[in-house]
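One structure is given below, encoded as structure tokens.
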Amino acid sequence: LGALIVMFGSLPSLFRRTTAYTVRFTDAPGLAPGAPVRRSGVRIGEVRSISLDEERGIVRVTVLIDSPYR
């Protein structure tokens with residue numbers, strides 16, 4: 001039952017067309033995977049992953065933007 005709930009809960013995202021972008025920040029406080037990405041207050045995507053590049057001192061954030069938006 002738990003597997004079905006997880007599987008069907010993620011189905012809307014499986015059929016949604018998205019484009020992945022990597023954005024580099026020097027500082028990204030409070031950002032977390034799954035956070036909405038907004039443009040002019042409209043939700044256009046979500047944060048997929050966050051990684052820290054200790055060598056360069058930057059934060060790499062991968063975002064998935066829904067297909068009608070660029």
Side-chain angles (χ1 to χ4, degrees):
L1 179 61
L4 288 175
I5 291 171
V6 170
M7 187 175 80
F8 287 116
S10 65
L11 276 181
S13 65
L14 291 176
F15 298 111
R16 191 174 60 198
R17 300 185 102 195
T18 60
T19 303
Y21 294 96
T22 301
V23 185
R24 295 179 294 173
F25 295 101
T26 56
D27 192 17
L31 199 57
V37 175
R38 297 183 186 276
R39 182 174 180 190
S40 300
V42 177
R43 187 180 192 281
I44 62 167
E46 72 177 34
V47 174
R48 173 56 96 200
S49 65
I50 301 171
S51 63
L52 178 63
D53 184 347
E54 301 235 8
E55 190 173 298
R56 294 186 179 148
I58 60 173
V59 180
R60 284 195 173 100
V61 179
T62 302
V63 296
L64 297 179
I65 304 298
D66 296 337
S67 66
Y69 307 105
R70 296 180 184 209

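One is the number of the first residue; the rest follow in order along the sequence. As the structure is a prediction and not an experimental result, all values here were calculated from the model.
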Could you check whether any side-chain heavy atom of [X] comes within less than 4.5 Å of a side-chain heavy atom of [Y], counting everything from C-beta outward?
X: V47; Y: V61; answer: yes
X: I50; Y: L31; answer: yes
X: V59; Y: D27; answer: no

Checklist entry - Out of curiosity, does Y21 fall in the hydrophobic cluster containing I58 (side-chain heavy atoms, cut-off under 4.5 Å, transitive links)? => result no

Checklist entry - Going hydrophobic residue to hydrophobic residue with side-chain gaps under 4.5 angstrom, can you get from L64 over to F25? => result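 No.
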
Checklist entry - Atom CD1 of I44 and atom CZ of R38: how far apart are they, to the nearest 0.5 Å? => result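 Going from CD1 on I44 over to CZ on R38, the span is 10.0 Å.
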
Checklist entry - How long is the gap from CZ on R43 to CG on D66, to the nearest 0.5 Å? => result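 Output value for this atom pair is 6.5 Å.
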
Item to check | Worked verdict on Y69 versus T19 for side chain to side chain contact (heavy atoms under 4.5 Å, CB included) | outcome: CA-CA 9 Å; Y69 307 105; T19 303; over 6 Å; no

Checklist entry - How would you list, by chain and number, every residue that makes a side-chain hydrogen bond (donor to acceptor under 3.5 Å, both in side chains) with S49, sequence neighbours excluded? => result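 Once residues adjacent in sequence are excluded, the partners of S49 under the side-chain hydrogen bond (donor to acceptor under 3.5 Å, both in side chains) criterion are T62.
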
Checklist entry - Are the charged groups of D53 and R60 less than 4.0 angstrom apart, N to O? => result yes

